[in-house]
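Right, one structure below, let's go through it.
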2 protein chains.
Amino acid sequence: MSPRKPSSEVLTKEEIVNAARHQFIAKGFEKVTMRGVASQLGCSHGALYYHFKNKIELFYAVVEKDFEHLNQLLKEIINSTKENHQKLLDILICFMKFGLNHQKQYEFMFMMKNAEVDSLAHEAATKSYYQFEYAILQLKNQNTEPSLIYSAFVALHGFVSHHCGYVKEYNEVKEYAEAHALFIIKGLA
Amino acid sequence: MSPRKPSSEVLTKEEIVNAARHQFIAKGFEKVTMRGVASQLGCSHGALYYHFKNKIELFYAVVEKDFEHLNQLLKEIINSTKENHQKLLDILICFMKFGLNHQKQYEFMFMMKNAEVDSLAHEAATKSYYQFEYAILQLKNQNTEPSLIYSAFVALHGFVSHHCGYVKEYNEVKEYAEAHALFIIKGLA
DNA sequence: TCCTCTATTGACCATTGGTTAATAAAAAGT
DNA sequence: ACTTTTTATTAACCAATGGTCAATAGAGGA
């Protein structure tokens, strides 16, 4: 009723993003409503617009963290002490594992074609790709054809995106994924 | 004003689908409104619900034809008189060409993750995949590993879906596509 | 105590997908 | 030719949505 809450319950951006993340993952972009998020937080939907310009900006705040997560995973592999060929395999597997164990997030990051959202996510996706390219170049011959690396990346992406939504988790297609990794390495040679 | 039009202008399903197709391709699923389609047809939006249960059913009527189109293209290659290895290459190229010259349609067919729409499109997509698998089996060794064919298909899909929306037409990435086709054939060996 | 800034409310708007009673035109029956 | 039935359409209606904004209660400083 009162137009402002006591200081102990003021909204923080982080609380909003967390609530929104849960709902986006559970229901997908379209079916999440600002009112629904607000109600989970116990505030009016208008309040959200004080912290985020619109639904898309709130959504992107969620997605941004997922890119950080993936980039972190890849970085760890690159900095590990394993042998190069194994690292390469690990990277391919890691990407697929991430995609299929965080499917909704992967969709948001690499598969959403919504024009408004996309302009934001595309930049981050491109960054992820460069990291991938850089890793491959380091792990394989330095003068690997760029087009081969590109083919490897899109083949990887194809695997994840094709299974997204039709399996529950990575383990269900573990064998296929490993075969696909070998398929890609064969193509890279 | 009158509750029924003279017989010369009664709506047909086909007219509706054509108008809808244009709008879906131009604006994407979410941004097309039943009112918008109705207004292009010069009728009230309620009239559309007489012919189609809801927006999704109207949408699927559009997509169905696109699957027929792609299947037809693939069939023509298979029935051609070329040599097997060339046919295989043709199929791979044809798929990418279709995807990138009819990007919105490809999105609708293979990339849309909308839960409601998807249940319908998924069946048709699976059918397309079986046709692909059958063709590869015929063109390559009959006992090609199924997992290899699967990898080939998802690699192909990955190429299209990765470029979808970021290039205007197939010709812009023709060289990459041809390299990718060779990459896939290498993996299939 | 007064003032300013901050965060929140709730009423409001236009637009959307979808439903439905009313009904005019067409078709079928006689 | 008249009546009845069926068909296709309208327009008014509903609940929900994303988004805007004036009003205002609380917090913190002077």
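Side-chain atoms are counted along with the backbone in the values below, which use heavy atoms only and exclude waters and symmetry mates. Throughout, protein chains are lettered first and strands after them, A, B, ... in sequence-line order, and every chain is numbered starting at 1.
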(Q) Just checking A/His162 against B/Tyr150, ring centres under 6.0 Å apart? (A)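 For A/His162 and B/Tyr150, the ring centres are under 6.0 Å apart.
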Q: Run the numbers on B/Lys55 and B/Phe59 for side-chain contact (heavy atoms from CB on, under 4.5 Å), then give the verdict.
A: CA-CA 6 Å; B/Lys55 187 181 170 183; B/Phe59 178 74; 5.6 Å; no
When the side chains of residues 13-28 of chain B are checked against the rest of the protein, which donor-acceptor pairs come out under 3.5 Å, sequence neighbours left out?
from	atom 1	to	atom 2	distance (Å)
B/Lys13	NZ	B/His51	O	3.4
B/Glu15	OE1	B/Thr12	N	3.2
B/Arg21	NH2	B/Val62	O	3.1
B/Arg21	NH2	B/Asp66	OD1	2.8
B/Arg21	NH2	B/Asp66	OD2	3.3
B/His22	ND1	B/Asn18	O	3.2
B/Gln23	NE2	B/Gly36	O	3.4
B/Gln23	NE2	B/Gln40	OE1	2.7

Report the distance from atom [atom1] of [X] to atom [atom2] of [N], rounded to the nearest whole Å.
X: B/Leu41; N: D/dT9; atom1: CG; atom2: P; result: 10 Å
X: A/Leu48; N: C/dT6; atom1: CG; atom2: P; result: 19 Å
X: A/His51; N: C/dT8; atom1: NE2; atom2: C1'; result: 8 Å
X: B/Phe52; N: C/dT19; atom1: CZ; atom2: P; result: 15 Å
X: B/Glu57; N: C/dG17; atom1: CD; atom2: P; result: 16 Å

Q) What does nucleotides 12-24 of chain D look like as a protein-contact string, B for base, S for sugar-phosphate only, - for none, at under 4.0 angstrom between heavy atoms? A) -B---BBBB---B
Q. Between D/dT10, D/dT7, C/dA7, which nucleotide gets closest to the side-chain atoms of A/Tyr50?
A.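 Per side-chain heavy atoms of A/Tyr50, the pick is C/dA7.
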Q | Step-by-step side-chain contact (heavy atoms from CB on, under 4.5 Å) determination, A/Leu100 to A/Tyr106 | A | CA-CA 8 Å; A/Leu100 294 178; A/Tyr106 188 88; over 6 Å; no
Q: Give a yes or no on whether the backbone of B/Ala189 and the side-chain of A/Lys186 come within a donor-acceptor separation of less than 3.5 Å.
A: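 Yes; at least one donor-acceptor contact below 3.5 Å.
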Q | Side-chain ion pair, B/Lys174 and B/Glu178, N-O less than 4.0 Å | A |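 Yes, this pair counts.
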